[in-house]
Each structure stands twice: as structure tokens, then as C-alpha cells.
Amino acid sequence: DAGVIQSPRHEVTEMGQEVTLRCKPISGHDYLFWYRQTMMRGLELLIYFNNNVPIDDSGMPEDRFSAKMPNASFSTLKIQPSEPRDSAVYFCASSQTGTGHPDTQYFGPGTRLTVL
Amino acid sequence: RKEVEQDPGPFNVPEGATVAFNCTYSNSASQSFFWYRQDCRKEPKLLMSVYSSGNEDGRFTAQLNRASQYISLLIRDSKLSDSATYLCAANTGGFKTIFGAGTRLFVKA
């Protein structure tokens, strides 16, 4: 079975531009998480969804960040306008209820974002 | 105080050594705990889950001490391939998981 898929793997953009990151969770998983990882702050939870509904977005840093999950197999994280301090690796993860350990998360390969 | 804290290391150990990492958590309501391994420029991958007092998988043993609010990871007979960053995580309610900053391990020949 394919794991979590993220695109693009690398993104370099200029300050002020809109950035859209994409994620396809593992088929059948009903939870989806967006994380940001930097050297200074580590791995931070930004937002997570259950059955396509946002459950907790308290980690979203500011209004420039938005996330959607229009269906069970696709989610986006958008930054508009982007700033240099948004440079980080953004991970998407998914998990599945109804299993022995529903809160085990499986991570995608990440998107390395550089904002110049 | 951070919700999940780890010693960042690095831990430098020779092959064959036993090494232990500790991780403390602040939310006494946390029920599930995890150790993830992250290689350089890669995604975190689940190493072990801890739901009760502990868990063991081959050379790896995780222990949970609820009274003192810490979990530990013990690696026996270290291999070169164990070199990585080890992330501790705690589920703080629902499906919200908080990660520590990670502990770096270098195993040398």
C-alpha cells in the first residue's frame, strides 16, 4: 500500500508569493495532520482533520495559513502571502481509527519550503 | 515549560553499547506515548508505542513512569544504523500529539 504522498517535495519561492502544499493520506485513514519542522521549534502540529473536518487548528501560526480537506484523499496547506520565516519542512501524516492503535501516525516524506 | 522535553544530545556511543534516552511530559492526562526515529532529511517513522508500563521490541525497550511523568527508550547492542534522531511524543487528548525536539544519537565503529 502506498504511504502518505506529499507534493511538491521541494519548493523555493519569493516572499509574498502564495504557496500550496498537497497531501494524499493513506487510503482508509480518517485522520490527517499537518506539521511544520524547523531546527529552532522542532516538530509542531499545525492542524488536524477527522473525516475531512478540521478538529484543532490552534497550531496554525496566523491568518496567512489555511488548510482544507475537500475529500478523504486530498488536503492542502496554503500560505498566502509567504514570508522567509515560513521556511521549514512541512509534513503531512495520517492515522486510522478502528485499529488496535488508532493514534499511530504515518508521515509523508515532507515538503521542504524555502521562502527567499 | 514545553509539553514534551528531551535532552537534545548528541549522544556519541561505540557500537555494542547500551544507551538510554529520557523524555518528560507535562500533561498528566496523556495516555499514549511514542518514540519515533527520524533520519537526516527524512520523515519521522514510528519506532515504538507505549500505552501501559512499557514495551519491548528486540533491542529496543520503552518504559513509562506515570508518577514521574517520563518515558525512556533503551537501545541495547547499538548498531551503526541506529544513528538518527529519536523523537518522543505524547498524545494530549483526542488525536493531538505533541513531539519533543528530539535526541540525536551517533553510533561509532
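Here is how names work: the chains are called A, B, and so on, in the same order as the sequence lines, proteins then strands, and each is numbered from 1. What you see is a predicted model; the values in this text were computed from it and never measured. Computation of the quantities below employed the complete heavy-atom set of this structure, encompassing side-chain atoms and omitting hydrogens, waters and symmetry-equivalent molecules.
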Cluster question for you: counting only ILVMFWY and a side-chain heavy-atom cut-off of under 4.5 Å, with indirect links fine, are A:L113 and A:F65 together? yes

B:K42, part contacting chain A, at a heavy-atom distance under 4.5 Å: backbone

Derivation and outcome, side-chain contact (heavy atoms from CB on, under 4.5 Å), residues A:Y48 and B:K96: CA-CA 8 Å; A:Y48 75 94; B:K96 186 171 185 176; 4.0 Å; yes

Per-residue contact mode, A:R112 against chain B (heavy atom under 4.5 angstrom): side chain

Would you compute the distance between atom OH of A:Y35 and atom OG1 of B:T97 and round it to the nearest 0.5 angstrom? 5.0 Å

Can you get from B:Y70 to B:V50 by hopping between Ile, Leu, Val, Met, Phe, Trp and Tyr side chains that sit under 4.5 Å apart? no

To the nearest 0.5 Å, tell me how far B:T85 OG1 sits from A:L43 CG. 11.5 Å

Interchain contact, A:T38 with chain B, by part (heavy-atom threshold 4.5 Å): neither

Does B:Y36 use its side chain to pair, donor to acceptor, with the backbone of A:Q105 at less than 3.5 Å? yes

Could you please spell out the steps behind the side chain to side chain donor-acceptor pair (under 3.5 Å) verdict for B:Q38 and A:Q37? CA-CA 12 Å; B:Q38 186 173 25; A:Q37 187 174 40; 2.9 Å; yes

Is it the case that atom CZ in A:R64 sees more than 12 heavy atoms from other parts of the structure closer than 6.0 Å? yes

If you group Ile, Leu, Val, Met, Phe, Trp and Tyr by side-chain heavy-atom gaps below 4.5 Å, do B:L46 and B:L73 land in one group? no

Given the rule that I, L, V, M, F, W and Y join up when any side-chain heavy atoms are under 4.5 Å apart, are B:Y86 and B:F106 in one cluster? no

More than 12 non-hydrogen atoms from neighbouring residues, nucleotides or ligands closer than 6.0 Å to CG on A:N71, yes or no? yes

Should we count CD of A:E14 as having more than 12 external heavy atoms under 6.0 Å? no

Relative to chain B, which segment of A:Y106 carries a heavy atom at a distance below 4.5 Å: side chain, backbone, both, or neither? neither

